[in-house]
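First comes the structure, then the notes that go with it.
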Amino acid sequence: MREPFDHDLDELEADVQEEGRRVLRALRSSMNALDRSDLALADEVIAHDNAVDEMYGRVLASVQRLLVLHAPVASDLRRILALLHIGRTIERSGDNCVTIAKLAKLSHGLASDPALLHAFDEMTSRAEHMLQIASVHQLEPALVSLDIERGRIAGEQV
């Protein structure tokens, strides 16, 4: 009886992870476009945003389907809602990548500031790490350790 639900939940998680991988690529590409003043790469990031938006649409539809068809219990509901929140946050990060790509296009031909580019590199590194935690590498351990009843998430006080 629970097998179809578990399958649908696994698919939802896989979609969130794929969305995260796409945004991670977009982040790297948008920063490379800015760093190299690469207009074609910036255009590619901007065009790619529709695919990220579609992925989030799949995540949202999956969440709705899970809620309607399976009426999940509290622990499953927390996991579903966490995936929904993560998916939305990743989608917004993709929108920020588009903004960076547009800035790369606007700044084309202008002299670059090495200190500014260094700061962007540092922010990119931190953003990549956060995206990896949220979607790619450590999503499952974080969700398994979710314990709202005790006011704790992954061992930290909420």
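All values reported here derive from a predicted model rather than from experimental measurement.
- Atom-to-atom distance recorded for I80:CD1 and H70:NE2 is 8.5 Å, nearest 0.5 angstrom.
- Considering only heavy atoms from C-beta on, L67 comes within 4.5 Å of L77 through its side chain.
- To the nearest 0.5 angstrom, L41 atom CG is 10.5 Å from D35 atom CG.
- Side-chain atoms of R78 and S75, non-hydrogen and from C-beta on, do get closer than 4.5 Å to each other.
- With hydrophobic clusters built from ILVMFWY side chains whose heavy atoms lie under 4.5 angstrom apart, Y56 does not share a cluster with I46.
- Residues L131 and L27 have side chains in contact (heavy-atom distance under 4.5 Å, counting atoms from C-beta outward).
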- Quick one: do S62 and D15 satisfy side chain to side chain contact (heavy atoms under 4.5 Å, CB included)? Show the steps, please. CA-CA 9 Å; S62 293; D15 284 346; 4.1 Å; yes
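- No path of Ile, Leu, Val, Met, Phe, Trp and Tyr side chains, each step under 4.5 Å between heavy atoms, connects L39 with I100, placing them in separate hydrophobic clusters.
- V98 and V52 are not part of a single hydrophobic cluster, where members link through side-chain heavy atoms under 4.5 Å apart.
- Shortest non-hydrogen contact noted between H108 and S37 is ND1-OG, 2.8 Å.
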- Decide salt bridge (Lys or Arg N to Asp or Glu O under 4.0 Å) for R58 and E54; before the verdict, give the C-alpha distance in whole Å, the side-chain angles of both, and the deciding distance to 0.1 Å. CA-CA 6 Å; R58 286 178 52 183; E54 288 173 11; over 6 Å; no
- Should H48 and E44 be marked as a side chain to side chain contact (heavy atoms under 4.5 Å, CB included) after you check the CA-CA gap, both sets of side-chain angles, and the distance that decides it? CA-CA 6 Å; H48 176 75; E44 199 175 297; 5.7 Å; no
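- Using a 4.5 Å cut-off on side-chain heavy atoms (C-beta onward), L66 and L12 make contact.
- Taking A42 as the reference, A33, A101, A104, K105 meet the side chain to side chain contact (heavy atoms under 4.5 Å, CB included) condition, with sequence neighbours excluded.
- Here CG of L106 is found 10.5 Å from CG of L34. Values are rounded to the nearest 0.5 Å.
- The CZ atom of R79 lies 12.5 Å from the CG atom of L81; values are rounded to the nearest 0.5 Å.
- Connection of M55 to V45 is not established within any shared hydrophobic cluster, with ILVMFWY side chains joined at heavy-atom distances below 4.5 Å, either directly or through further cluster members.
- Cluster annotation: L103 is not connected to V23 through the hydrophobic network of ILVMFWY side chains, with a link wherever side-chain heavy atoms come within less than 4.5 Å.
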- Message: Quick one, R92 with T89, criterion side-chain hydrogen bond (donor to acceptor under 3.5 Å, both in side chains). Give me CA distance, side-chain angles, the key distance, then yes/no.
- Response: CA-CA 5 Å; R92 288 177 33 213; T89 301; 4.8 Å; no
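- In this structure, CG in D53 is found 4.5 Å from CD in E91, a value given to the nearest 0.5 Å.
- Listed for the S29 side chain is a donor-acceptor partner under 3.5 Å among the backbone atoms of R25.
- Nearest heavy-atom pair, V16 versus I90, reported as atom, atom and distance to 0.1 Å: O-CD1, 4.0 Å.
- In summary, E18 and R21 engage in a salt bridge, as defined by a charged side-chain N under 4.0 Å from a carboxylate O.
- Considering every non-hydrogen atom in both S30 and C97, the closest pair reads CB-O, 3.4 Å.
- Atom CE in M31 sits 3.5 Å away from atom OG1 in T124 (nearest 0.5 Å).
- Taking a 6.0 Å sphere around CZ of R88, one finds it holds more than 12 heavy atoms contributed by other residues, nucleotides or ligands.
- A donor-acceptor distance shorter than 3.5 angstrom exists from the side chain of N32 to the backbone of R28, with no hydrogens or angles considered.
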